[in-house]
Protein chains: 2
Amino acid sequence: MQDLSPQQNDQTGIDEAIVSGILSARIRPGTRLGESEVASLFSVSRTRVREAMMRLEQRGIVKVSPRRGWFVVEPSAEEAMMVYAARRVIEAGLLRSMEELTTSGRETLHAHLAEERLAIAAGDRQRLTCLMGDFHIRIAELSGNTILVEILRDLTARTILISLLYQSDFHAMQSHLGHCRIVAAMEEGDFLKAAALSVDHLDEVETGLDLTRRPDPLADLRHSLSLPPQTAAASSNAPRKAKPEINRGE
Amino acid sequence: MQDLSPQQNDQTGIDEAIVSGILSARIRPGTRLGESEVASLFSVSRTRVREAMMRLEQRGIVKVSPRRGWFVVEPSAEEAMMVYAARRVIEAGLLRSMEELTTSGRETLHAHLAEERLAIAAGDRQRLTCLMGDFHIRIAELSGNTILVEILRDLTARTILISLLYQSDFHAMQSHLGHCRIVAAMEEGDFLKAAALSVDHLDEVETGLDLTRRPDPLADLRHSLSLPPQTAAASSNAPRKAKPEINRGE
DNA sequence: CTTTCCAAGCTTGTATGCAAGATTTGTCGC
DNA sequence: GCGACAAATCTTGCATACAAGCTTGGAAAG
């Protein structure tokens with residue numbers, strides 16, 4: 001099983017450790033998070049794990065299947081569209097409501113874009129996934145509205161899960177350029193343009209998804225066995241036998 | 001203490017009973033929600049109450065003061081402004097992203113406006129508070145995006161708490177007219193105008209707040225003793241005896 | 001050999017118990 | 001009378017225990 005980085009400071013909470021695992025794409029959608037399993041990882045009792053799960057469920061990040069266990073959500077196609085729609089609404093609304101880009105704000109964004117370029121050059125896909133989501137959070141942070149930041153953070157987490165499910169290949173360079181364009185518009189002080197670009201950017205990413213593809217419950221197992229990844233053609237006539245993916249590990 | 005309508009169907013959950021109590025302004029900000037207290041009201045153990053509180057905390061509706069108890073949040077002035085800002089961003093963004101008003105949608109909105117008029121005529125302030133918040137949720141529901149609906153529902157709950165804290169007197173008719181204008185614009189198919197009107201409307205409500213007024217920790221007691229409500233003048237030279245105001249620190 | 005049914009094991013759901021901290025109240029000293 | 005201190009009480013924090021249900025593996029029947 002992918003580790004949840006339990007060595008991470010216990011003070012930050014189990015919640016954030018799991019979210020962080022998702023944001024960095026170390027935890028896949030559908031991953032089972034057994035209460036006792038996580039409890040022993042963090043050296044606490046099930047009670048606290050359960051409380052964390054309740055909070056994460058509220059945030060739309062995990063779901064419970066009664067008496068079966070907790071699972072990282074596997075957003076349906078409908079949910080995926082709603083997440084993107086919500087992000088378009090909020091991010092565009094946010095940009096439209098902005099009035100100026102402070103110097104420190106500009107520096108923050110440029111630093112972020114530089115990091116993106118670095119990760120692209122290094123080909124560090126995991127880090128890239130994280131950065132691509134973070135970009136939008138950075139922008140929200142500029143507004144100083146922590147409420148919206150938190151909302152967007154959760155939506156970003158779900159976005160990452162969605163792309164892990166439905167994105168065949170993501171074009172990092174394309175996304176990066178989209179980000180650059182948005183920042184450029186902000187520097188011009190043209191926040192309406194930035195908002196429009198943001199909508200375009202999200203549309204672009206959403207269009208790149210293959211939402212017709214049903215989530216593959218065997219993805220993990222398939223990967224473990226080094227079988228070729230599921231293709232659209234294969235998914236229709238694949239003999240769905242075998243057990244519905246259980247926690248690998250320990 | 002205000003009752004939480006425990007007779008409400010247990011299936012709906014403790015969470016929703018409390019939220020419902022807030023939405024209808026039966027539960028005031030700062031209200032203490034003791035775990036065992038609520039537990040006995042709902043005839044369950046503290047465990048389930050605690051889980052409900054964890055979820056509500058995540059939704060920004062209650063806060064825990066360690067080893068002291070759970071309290072319905074008393075948003076600070078900064079938080080209040082953030083809530084309104086977030087609502088402006090989301091609601092305006094939502095309206096701008098809409099493209100048509102369906103027939104059933106129009107009927108829903110008109111039915112709602114009719115209810116508002118009814119409540120105004122009856123002078124039912126409690127019901128009115130609830131309806132005024134619901135209007136914006138109705139609009140979000142038109143989009144079919146349940147994610148945004150849930151977000152707005154929580155923001156609305158917080159809005160009601162804010163107005164209970166900072167609103168000296170709310171002008172129901174003014175708000176109602178604002179709603180009417182928004183609906184009219186939507187009927188014209190002019191969603192940009194509707195979005196602008198929505199921003200104006202929220203601005204208007206926010207302007208009507210007295211954010212300089214510190215929350216009165218004695219409000220409940222004062223009310224129980226039938227003392228006159230706190231005025232800006234009285235608050236400055238009132239002999240602050242009794243307990244040191246509860247956790248509004250940090 | 002295949003199918004059906006039952007039991008054992010594991011997982012969550014819920015309650016309860018105990019410990020630690022905060023508040024309050026009563027008392028003592030001045 | 002008034003302020004400080006200490007014990008009693010109440011509250012949450014956390015762990016554990018037990019109940020209930022799902023899953024699965026194996027045995028038995030066809």
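Reminder, nothing fancy here: chain letters follow the sequence lines and each chain counts from 1. Worth saying up front: this structure is predicted, and the values here are computed from it rather than measured.
Atom CZ of A:Phe71 and atom C1' of D:dT23 are 11 Å apart (whole Å). Rounded to whole Å, the distance from CZ on B:Arg55 to C1' on C:dG13 is 12 Å. Rounded to whole angstrom, the span from the CZ atom of B:Arg50 across to the P atom of D:dA15 amounts to 11 Å. Rounded to whole Å, atom P of C:dG13 lies 14 Å from atom CD of A:Glu51. Nucleotide D:dC14 holds its P atom 11 Å from the CD atom of B:Glu35, rounded to whole Å. Rounding to whole angstrom units, CE of residue A:Met54 and P of C:dT12 are separated by 11 Å. The CE atom of A:Met53 sits 8 Å away from the P atom of C:dT12 (whole-angstrom rounding). When the P atom of C:dT12 is taken as reference, atom NZ of A:Lys63 falls 16 Å away, rounded to whole Å.
Remark: B:Arg32 is in phosphate contact with D:dT11, judged by side-chain N or O atoms under 4.0 Å from OP1 or OP2.
For B:Arg67, counting side-chain heavy atoms from C-beta on, the closest listed nucleotide (D:dC14, C:dT14, C:dA20) is C:dA20. The side chain of A:Arg46 has D:dC18 as its nearest neighbour among C:dA15, D:dC18, D:dT12. Distance from the side chain of B:Arg68 is smallest for C:dA22 among the nucleotides C:dA22, C:dG13, D:dA15. For A:Ser45, counting side-chain heavy atoms from C-beta on, the closest listed nucleotide (D:dT16, C:dT14, C:dT12) is D:dT16.
Here the shortest heavy-atom pairing between B:Glu74 and B:Glu79 reads O-OE1, 4.4 Å. Nearest heavy atoms, B:Ala25 versus B:Thr129: CB-CG2, 4.2 Å. The minimum heavy-atom distance between B:Leu161 and B:Arg28, with the atom names listed, is CD2-C, 4.4 Å.
B:Tyr84 places a side-chain heavy atom less than 4.5 Å from the side chain of B:Leu209. In this structure the side chain of B:Ile139 never reaches within 4.5 angstrom of the side chain of B:Glu91, judged on heavy atoms.
For the pair A:Ser65 and A:Thr47, nearest-nucleotide mapping onto DNA chain C gives the more 5' position to A:Ser65.
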